[in-house]
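Below, read A as the first sequence line, B as the second, and so on, with proteins coming before strands; counting in each chain starts at 1.
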There are 2 protein chains.
Amino acid sequence: MAKHEAFPMNGGSGLYSYTRNSTFQRKDTESAIELINKGIAEKLDLNNISSSSNTFRLADLGCSVGPNTFLAVQNIVDSVEDKYKSQGLSHLLPEFQVFFNDHISNDFNQLFSSLPPERRYYASGVPGSFHGRLFPSSSLHFVYSSNAVHWLSRVPKEVLDKNSPAWNKGRIQYSNSPLEVVKSYEAQYFKDMERFLTARSQEIVHGGLMALLVPACPNETPHSELFFNEALALLGSCVIELAKKSMISEEKVDSFNLPLYYAPFQQLEAIVDQNGYFSIEIMESLTKERPPSKLFSSVLRAGLEGLIKQHFGDEIDLDKLFDLYYQKFEEISSTNEPNKPIVLFLLLKRKEQSD
Amino acid sequence: MAKHEAFPMNGGSGLYSYTRNSTFQRKDTESAIELINKGIAEKLDLNNISSSSNTFRLADLGCSVGPNTFLAVQNIVDSVEDKYKSQGLSHLLPEFQVFFNDHISNDFNQLFSSLPPERRYYASGVPGSFHGRLFPSSSLHFVYSSNAVHWLSRVPKEVLDKNSPAWNKGRIQYSNSPLEVVKSYEAQYFKDMERFLTARSQEIVHGGLMALLVPACPNETPHSELFFNEALALLGSCVIELAKKSMISEEKVDSFNLPLYYAPFQQLEAIVDQNGYFSIEIMESLTKERPPSKLFSSVLRAGLEGLIKQHFGDEIDLDKLFDLYYQKFEEISSTNEPNKPIVLFLLLKRKEQSD
């Protein structure tokens, strides 16, 4: 099986664990519930499902360690059951098998130990990158993925190459960088999403659904004005400031780049169209409240400190870094109309025949 | 889902981890390979399998953290593929999905990180007790379980009850105890195995196979003369000796019992018959070489130190305990014809119709 780089959220249940710092992402889970219920009610063909198996199989790709994933999958189970009942098909009610997927280095021990005891589904964990195959052919009926597919499988190699016009000197991501850098990130994203969609097209039964929650960029918004990019560029400036004080070499900073890309809506549409295996059934942009500074600093730390530690080692003081971050984020938040996070909800349906 | 007590092997990859102390169990895996291949060649009905799905699903129940489980499942995959090919059914070759099951407290992170990179199956981990349901109905084609079903779901409660005739004072298991104690262990085993078989009868497709490797007791051998019981009784005497020196209370020792039972062969047969869902296709006793003392002390430590620590806390010195154990085991091993470990191999087939 192909190898991919892994960038897991913080495991365990400590102060900066994802378990304790996932309320920001929880809002997405909650906003998506209504759209998922609508999607299941209107777009899921039960005849198609029931004929293939008496087990309804669903997967959360990039589930991290909970608790958000448990909320999301329970809602999908409830919603599918409701549909069977409302259509007078209670006698055909399937059993549910849920696959929790994330990178091999995800803290599955933490995930398993916090599984809801009263769950009405058979749970299993699937380790591996969702940029490759994870499941047998035609074995899934519903795939869910929240706040995950904006992670690239790797940092585009040109941005680390001093001799490339896409060398991303002095920045940790693309939003304030020359066009060549942006294009490199974009190309990596297209490649990764194509592999993601093709793998899923093989795993999801015809007529099956896939709900994606993707932090993304409205078409008219420049990359640099997107909340997420602003937040990461800010982190970049904090890293550089601290690096200078701690005598961390310029080279070390130049070689640090975040494997994250926030696609413009139209790019996401184009990727799905080009792939050809899925139709877009629902596409809706969700604007969230700007998170409180303290909360967001911890959220960012839960998500990124593993990467930062891995690159800079003990040379960088993480407490200092995220304290500084908190102060700067707070300053921006107190200006007039600061940017708000935007997440795109996509409901895709596996086409009956691939075009 | 029902709650069960969990007694996992040592996780991680340290000196006394199961990962590094599983060569003793590996012998069983290796001896069973030939019998499993024979079972698959002669007893597995491919038509039955292929009609239900293009995925062959197999589970290892009580898999611990590897590496033995990887050897066992790879052999099953190879063997099933060989059968397809030898019958000219290469065009119907299924994909394989492997479910690695153990208690929630098993170290799944360690398991996942040591998955063979070149595996030809989709891997997933299933946390939970095999005394209850773990999988959807009729979803498995082959179940394997090695060195696992001799673990009881709990210590029989009467053996901990001062007012019961089955109170097991001054011993940590049943083999030298009054008949009432043995009967309590036996009753718990019957109850547990009945639940185990009934759960599997629901999960395994009709015609599907289950291979069990069970440390067990030949019919004519008294409990106290079985290698495993002798080995545990010896551990008991070491615990008592150390407890006295460390001022550990008699009560603390009396309340420590191991949830392990080595069934006489005829009891295992009776349990399967009584359950009624499975036919016994192969039943073969495997006698192993008596393990070297150093190795076996470490094996026992990897398997039991979690339980001992949990009960006695820091009051007991585990290094001392297993050093003492090593010496005493060595003494016994040097006598004439010391007992050898015996493991029963059972190949069960899910009956087409339950009687």
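In terms of heavy-atom proximity, S124(B) sits nearest to V126(A) at CB-CG2, 3.5 Å.
Contacts between F100(A) and chain B at a heavy-atom distance below 4.5 Å are absent for every atom of the residue. Residue contact with chain B, scored on non-hydrogen atoms closer than 4.5 Å, is absent for L111(A). Heavy-atom distances place no part of S138(A) under 4.5 Å from chain B, backbone and side chain included.
Once rounded to the nearest 0.5 Å, the distance linking OH of Y122(B) with CD of E203(A) reads 6.5 Å. Atom OG1 of T55(B) and atom CZ of F135(A) lie 12.0 Å apart (nearest 0.5 Å). If you take CG on N109(B) and CG on D107(A), they are separated by 5.0 Å, rounding to the nearest 0.5 Å.
In this structure, a donor-acceptor pair under 3.5 Å is present between the side chains of E95(A) and S137(B).
More than 12 non-hydrogen atoms from other residues, nucleotides or ligands lie less than 6.0 angstrom from NZ of K83(B).
Under the side chain to side chain donor-acceptor pair (under 3.5 Å) criterion, Q202(A) pairs with R133(A), not counting sequence neighbours.
Chosen from P136(B), P127(B), S139(B), the residue pairing most often with chain A at heavy-atom distances under 4.5 Å is P136(B).
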